[in-house]
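In each ligand, atom 1 is the first atom listed, and ligand 1 is the first ligand listed.
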Amino acid sequence: MTNKEMIDEIIKLKKEKNAVILAHNYELPEIQDIADFVGDSLGLSQQAAKVDAEVIVFCGVHFMAETASIISPNKKVLIPDLDAGCSLADSITADELRKWKSENPNAVVVSYVNTTAEVKAETDYCCTSSNAVKVIDAIPKEKEILFCPDQFLGRYVKSMTGRDIKIWNGACHVHEKIGEIDFDKKLDENPKADFLVHPECGCSTSCMLKSSVYDCNIKIYSTEGMINHVKEAESNEFVIATEVGILHRLQKLRPEAKFIPMSDESVCEYMKMITLDKVLDALKYEQHIVKVPEGLASKARLSIERMIAIN
Ligand code: 13P
Ligand code: SF4
């Protein structure tokens, strides 16, 4: 089957099954182009809850589909490839979190949205890269905080809030490597560019310090924050420090602007597992269902609801 034939079949099945396709900002261009919504991890789950569709084809990684299932327990959530995982979500298990909690019985647990449903169920407050500081600020000052799993986002929020935060040692294998790049050299090479840096990057803490010390255009953003910045920005040049899939959406948004990836090698192989033929099979055979059992989902939902209440 050609791509065109697959796309036609996907559009036909979508109508027949009252389905929508949601795609993360890192998905392959052809997947973003057939999606009804493209966005960041939490934005997509909120879309899943909002849309009037019985079936959600979630083109992203497994924890994101789980989050959609937690927020929308009555919808059928499908992921086109069950192996689309996340190294960051895998960096803490529920058993490890339970042990950490037992060693710090008075602490409040804040977990980044890149976690499994089991870890969310052990969490007091969920957070995303765009609201982590706000979530921490809403927790009473005297409370000790356990932050997991991303060490770089953890260090970023710790320095922004000045709070007593213990940080888990997890990382995303794609963003961690961005920290090894000579950032100052990139700044010298692109003096007119806005630098947009995802907080999961190994360099996010030093970038934040740089941006507060020097008069340079470095901004720390979630993927949707980057999209919003580019929509509004006066600049025509942007250096993008995150997974390269986002460049497709950015370039569509501002065709005249120049987007320079911090590294061409920042590719998340899990996101790229979602291909047109797998999306077609997902719709045809209604596979692979991601359903978080209600007992677990209701506990995990609490941590997400607390976060939403703060925003
Ligand atoms: P966003 O929530 O910013 O889209 O990030 C998700 C992610 O997996 C980053 O690697
Ligand atoms: Fe997970 Fe990193 Fe891929 Fe994002 S880029 S989904 S954090 S492995």
> Name the one of Glu234, Lys219, His229 that satisfies side-chain contact (heavy atoms from CB on, under 4.5 Å) with Asp194?
Replying inline: His229

Looking at [Y] and [X], is there a salt bridge between them, counting it only when a charged N and a carboxylate O are closer than 4.0 Å?
| X | Y | result |
| --- | --- | --- |
| Lys12 | Glu9 | yes |
| Arg249 | Glu224 | yes |
| Glu122 | Lys101 | yes |
| Arg98 | Asp95 | yes |
| Asp33 | Lys252 | yes |
| Glu243 | Lys272 | yes |

>> Within the structure provided, determine whether Met307 and Thr128 are in side-chain contact (heavy-atom separation under 4.5 Å).
In response: yes

>> Is the shortest side-chain heavy-atom distance between Ile274 and Leu28 below 4.5 Å?
In response: no

>> At under 4.0 Å between heavy atoms, is it the side chain or the backbone of Glu243 that contacts ligand 1, or both, or neither?
In response: neither

> So which bit of Asn114 gets within less than 4.0 Å of ligand 1, heavy atoms only: side chain, backbone, both or neither?
Replying inline: side chain

> Which residue pairs pass the side-chain hydrogen bond (donor to acceptor under 3.5 Å, both in side chains) test with at least one member in residues 37-60, sequence neighbours excluded?
Replying inline: Asn18-Glu54

> Do any pairs count as a side-chain hydrogen bond (donor to acceptor under 3.5 Å, both in side chains) and have a residue in residues 71-83, sequence neighbours left out, and if so which ones?
Replying inline: Lys76-Glu286, Asp81-Lys278

>> Could you tell me, atom by atom, which parts of ligand 2 come under 4.0 Å of a heavy atom of Met271?
In response: 6 (S)

Give the atoms of ligand 1, by number and element, whose distance to some non-hydrogen atom of [X] is under 4.0 Å.
| X | result |
| --- | --- |
| Glu200 | 7 (C), 9 (C), 10 (O) |
| Ser129 | 3 (O) |
| His175 | 10 (O) |

> Can Ser266 and His175 be counted as having a side-chain donor-acceptor contact under 3.5 angstrom?
Replying inline: no

List the closest protein heavy-atom neighbour of [atom]: residue, atom name, distance to the nearest 0.1 Å.
| atom | result |
| --- | --- |
| atom 2 (O) of ligand 1 | Ser41 OG, 2.7 Å |
| atom 4 (Fe) of ligand 2 | Tyr26 CE1, 3.9 Å |
| atom 5 (O) of ligand 1 | His198 NE2, 3.4 Å |
| atom 6 (C) of ligand 1 | His24 NE2, 3.7 Å |

> Using a cut-off of 2.8 Å, how many protein N, O or S atoms lie below it in distance from atom 2 (Fe) of ligand 2?
Replying inline: 1

> Short N/O distance, under 3.5 Å, between Ser222 and ligand 1?
Replying inline: no

>> Just to verify, what does Phe63 make a ring-ring contact (aromatic ring centres under 6.0 Å, His included) with, not counting sequence neighbours?
In response: none

>> Quick test of your reading of the structure: of Thr242, Leu153, Ile246, Thr223, whose heavy atom lies closest to atom 1 (P) of ligand 1?
In response: Thr223

> Going by heavy atoms, is Tyr26 under 4.0 Å from ligand 1?
Replying inline: yes

>> Under 4.0 Å, counting heavy atoms only: does Glu224 come that close to any atom of ligand 1?
In response: no

